[in-house]
Amino acid sequence: MAVARDFGLNKGFLVPIVRSTGFQACVTMAGERPDLEPRAKQALHLVSMYAHARCAALMGCESDGQRRRVLSERERDVLAWAAEGKSSWEIATILGVSERTVNWHVEQSKRKLDAVTRTQAVIKALRSGEI
Amino acid sequence: MIHVITGANRHLYEPELLAHFRLRHEIYVMERNWTNLARPDGLERDQFDNEDATYILASANGQIIGGSRLVPTTRPHLLSEVFPYLASVRGLPRAIDIYEWTRMFVVKNRREGRTMGGQTRGMVICGVLEHCLDNSITGLTALIEMFWLPLFHSMGWTVVPLGLPELINGEWSIAVKMPIDENTLASTRAFHGIAGHVRLTAQRKSSTGITV
């Protein structure tokens, strides 16, 4: 907040973007002497939702979890357990498959989600509502 | 399956319409707590549920699972009679090819779960669009809660606000106009993974066997 004030951002306003699948994003704006009268806030609320929708469209990301899922059920299982901090060996034991199979599912997920590491795949899967 | 019920064929659909008024009471009065709509007979019906109204109802296994209502904007409707101040910035469009879209609902057990809930909702929305496009309706107006906006944006709709958001029944809501065409239908179908027509092509009732 102190840093923000140094840049002349004294007061701000935050609009959470919430969808049927839960919290998705927020749009924030701030200024030196912002007009935060009720009418202005109502307009900002509206502008924020349109700005977010436009950004999402430009970035080509369907930010609603309704989009088609890319992972298979097994891949989601594996990533969900990885998100719980389980190792490949532990996941293999839980799912009753070999460790190699688990690693294969992880590799498939990484490819599908365009992720370099397992952690990144988990994060991407969480964000896109896959798991 | 989507049924379109108008003044012309509603005599064939009385049980389904009753079931739908009862569901609306359950959803809007009991669940969403819009107490001003409460009725002793347990049927949520207002002054716009008249001969002018068109109902788009979704059914599965003989049960109503979702629906919507369309009212011509040339006739008295919710935005013109109850909430005209919500269109104070752009004014309220009224024309023979513009209808007001209200009472969009999906029954509770079809809402949960990403795929199934979205599927029923998608069917109702596509049903509305198919009916409109076949009847030369080029635009819809609606009073919507702000939380609907991201969905409409994701479905590729153009949503034009008519005024600023206001708190209605505890939810920030806004009056909007939405021009619709074949592209709107195509992108809505794609979004919901719906391949083709959802609507019953014959405007007559088939043997749905809906129990009330």
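A quick note: this is a predicted structure, and the numbers were derived from the prediction, not measured. Keep in mind that the numbers below use all heavy atoms, side chains included, and drop hydrogens, waters and symmetry copies. All chains are named by letter (A, B, ...) in the order of the sequence lines, taking the proteins before the strands, and each is independently numbered beginning at 1.
Within 6.0 Å of CH2 on B:Trp34 lie more than 12 heavy atoms contributed by other residues, nucleotides or ligands. Around the NZ atom of B:Lys177, the shell of radius 6.0 Å holds no more than 12 heavy atoms that belong to other residues, nucleotides or ligands. When the shell of 6.0 Å around CZ of A:Arg54 is examined, it contains 12 or fewer heavy atoms from other residues, nucleotides or ligands. For A:Glu73, the CD atom is loosely surrounded, since the number of other residues' heavy atoms within 6.0 Å does not exceed 12. Counting non-hydrogen atoms of neighbouring residues, nucleotides and ligands closer than 6.0 angstrom, the CH2 atom of B:Trp157 exceeds 12 such neighbours. Other residues, nucleotides and ligands contribute only 12 or fewer heavy atoms inside 6.0 Å of the CG atom of A:Asp114.
If you measure heavy-atom distances from A:Arg39 to chain B, the contacts under 4.5 Å come from both the backbone and the side chain. In this structure, chain A has no heavy atom under 4.5 Å from any part of B:Trp148. Using a 4.5 Å cut-off between heavy atoms, B:Val159 contacts chain A through both its backbone and its side chain.
In this structure the side chain of B:Pro150 reaches within 4.5 angstrom of the side chain of A:Met49, judged on heavy atoms.
Across A:Tyr50 and B:Val160, no two heavy atoms sit closer than the pair OH-N, 4.2 Å. Here the closest non-hydrogen pair linking B:Gly163 and A:Leu46 is O-CD2, 4.0 Å.
Put simply, the side chain of A:Gln42 never gets that close to the backbone of B:Leu164: no donor and acceptor are under 3.5 Å apart.
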